[in-house]
There are 2 protein chains.
Amino acid sequence: MTKTLKHELKADILLDKGIELLWSKGYNATSVNDIVKIAGVPKGSFYFYFESKEDFVVKAIEKYFDDHFTPAKEILLNKSVSPKQRLLNFHEFRYNILKNEMDCKMGCLACNLGNEMAEHSEAIRKSILNKEQFVLALITEVIQEAQDLGEINNLMAAADIAAFIEDAGKGSMTTMKEMNNAYPIDNFMNMIRNVLLK
Amino acid sequence: MTKTLKHELKADILLDKGIELLWSKGYNATSVNDIVKIAGVPKGSFYFYFESKEDFVVKAIEKYFDDHFTPAKEILLNKSVSPKQRLLNFHEFRYNILKNEMDCKMGCLACNLGNEMAEHSEAIRKSILNKEQFVLALITEVIQEAQDLGEINNLMAAADIAAFIEDAGKGSMTTMKEMNNAYPIDNFMNMIRNVLLK
DNA sequence: TATTAATAATTGACCAGTCATCTATTTATT
DNA sequence: AATAAATAGATGACTGGTCAATTATTAATA
């Protein structure tokens with residue numbers, strides 16, 4: 001194993017383990033000590049791999065999107081399915097993960113960190129915004145496609161519908177955490193199915 | 001000034017100043033030291049007035065709702081206006097505060113703390129949930145009223161519409177903080193005006 | 001009513017532990 | 001031998017929380 005490979009491997013382990021902690025506990029409740037301990041990496045190494053805790057979190061956000069959005073993206077862009085059905089499958093897929101894999105407790109790493117840190121770290125705010133707007137652009141395109149086909153109505157601009165759906169999903173994740181219960185995302189799915197994507 | 005009055009006054013100052021800090025910085029980034037310093041109250045007194053930091057935050061959440069929801073509630077329950085118009089005025093009022101008084105940066109204290117702490121403090125989670133469900137019940141009633149009058153459609157249960165609107169509002173606050181920009185709440189207002197409360 | 005005893009309120013100094021970060025050193029690679 | 005990579009351990013500042021000592025208030029007594 002070459003030096004650089006080993007290097008990137010350790011940085012990746014730190015990121016993977018750090019993402020878990022950040023996701024559940026947020027920025028301020030996750031310490032560098034926690035991260036290196038759970039990753040089995042010497043404490044002193046952390047600042048060899050990353051400039052600072054903030055820098056680490058920016059890279060964690062990027063890895064989070066790359067790892068977690070990719071499978072959902074495949075569903076969204078699967079051209080063998082109609083645009084409207086793709087949108088529904090896409091949301092079904094994402095929100096099933098929240099419900100079943102995560103027991104309604106953790107929400108989305110980016111939303112959590114955005115809520116906690118947007119006002120206090122420009123680097124973190126911008127990295128989240130950047131990734132989210134990339135996602136939003138993809139969804140907007142599919143909504144536009146569905147509108148062009150007459151599958152969903154034309155009353156609102158595709159970009160506004162997409163932004164609203166994403167925001168409503170975010171909020172339902174917050175309430176889901178507060179309730180410890182899937183009602184908010186079930187209600188969300190019903191609303192987009194029966195009202196927004198009509 | 002009697003002893004008990006002075007007592008409650010100091011506790012109130014701690015709560016008011018603490019709410020400001022918690023609102024902006026969240027639970028873990030707000031220290032007891034920060035709170036007593038800004039309130040001009042001796043450190044030792046904090047634990048005379050409150051059992052713990054967690055207990056303080058629960059009481060801060062209660063005071064936050066009592067102080068901030070009350071004026072909006074008056075608008076919501078003002079029987080001289082039709083139910084649908086009351087709903088629109090109510091949301092207009094709340095989201096103007098976010099935009100104009102708070103520069104799109106702070107969101108809602110309860111949402112912020114819910115996102116950060118729901119998984120880690122049952123006391124905080126329950127106090128937020130309790131207050132939010134009280135608010136939700138009031139909104140639900142007004143939506144029901146509007147449905148009965150035929151002012152808005154009957155396709156969804158009033159409780160589901162109310163929950164969805166509140167969740168969408170929450171999410172738009174998160175994105176507002178991330179974007180540093182009012183677009184998400186403007187888009188939210190348009191959506192409830194043109195789609196949900198039709 | 002004046003004095004004392006008992007109780008309650010209030011306080012800053014202090015605790016053990018943790019924080020993010022840095023530096024001096026060791027280990028591995030050319 | 002020279003250079004770069006990796007790490008152990010230490011740093012000062014800060015954490016939530018405690019507590020013995022002080023002060024203010026009330027109750028009891030003469």
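Within every chain, numbering begins at 1; the chains are lettered A, B, ... in the order of the sequence lines, protein sequences first and strands thereafter. Excluded from the calculations below are hydrogen atoms, water molecules and symmetry mates; all remaining heavy atoms, backbone and side chain alike, are included.
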Worksheet entry | Residue-phosphate contact under 4.0 Å: A/Tyr47 side-chain N/O, C/dT21 OP1/OP2 | yes
Discussion item. So, OP1 or OP2 of C/dT18: does either fall under 4.0 Å of a side-chain N or O from A/Lys37?
Written reply: no
Practice prompt. Confirm from the modelled atom types if B/Lys53 and D/dG17 form a donor-acceptor pair under 3.5 Å, side chain to base only.
Written response: no
Item to complete: Could you verify whether a donor N or O on one side chain and an acceptor N or O on the other, from A/Gln85 and A/Asn89, lie under 3.5 Å apart?
Response: yes
Discussion item. Nearest heavy atom decides the nucleotide; on that basis, is A/Tyr27 or B/Phe46 closer to the 5' end of DNA chain C?
Written reply: B/Phe46
Worksheet item: Side chains of B/Ser45 and B/Lys10: donor-acceptor distance under 3.5 Å anywhere?
Response: no
Worksheet item: Checking all strands, does B/Ser31 fall into the base, sugar-phosphate, or nothing category for heavy-atom contacts under 4.0 angstrom?
Response: sugar-phosphate
Fill in: B/Lys73 NZ: over 12 foreign heavy atoms closer than 6.0 Å
no
Worksheet entry | Residues B/Asp34, B/Lys17: salt bridge by 4.0 Å N-O rule | no
Discussion item. If I take atom CD1 in residue B/Ile13 and atom C1' in nucleotide C/dT10, what distance separates them, rounded to the nearest angstrom?
Written reply: 15 Å
Worksheet item: How close or far is atom C1' of C/dT7 from atom CZ of B/Phe48, stated in whole angstroms?
Response: 12 Å
Response to the item:
Per atom distances to the B/Ser52 side chain, the nearest of C/dT11, C/dA20, D/dG17 is D/dG17
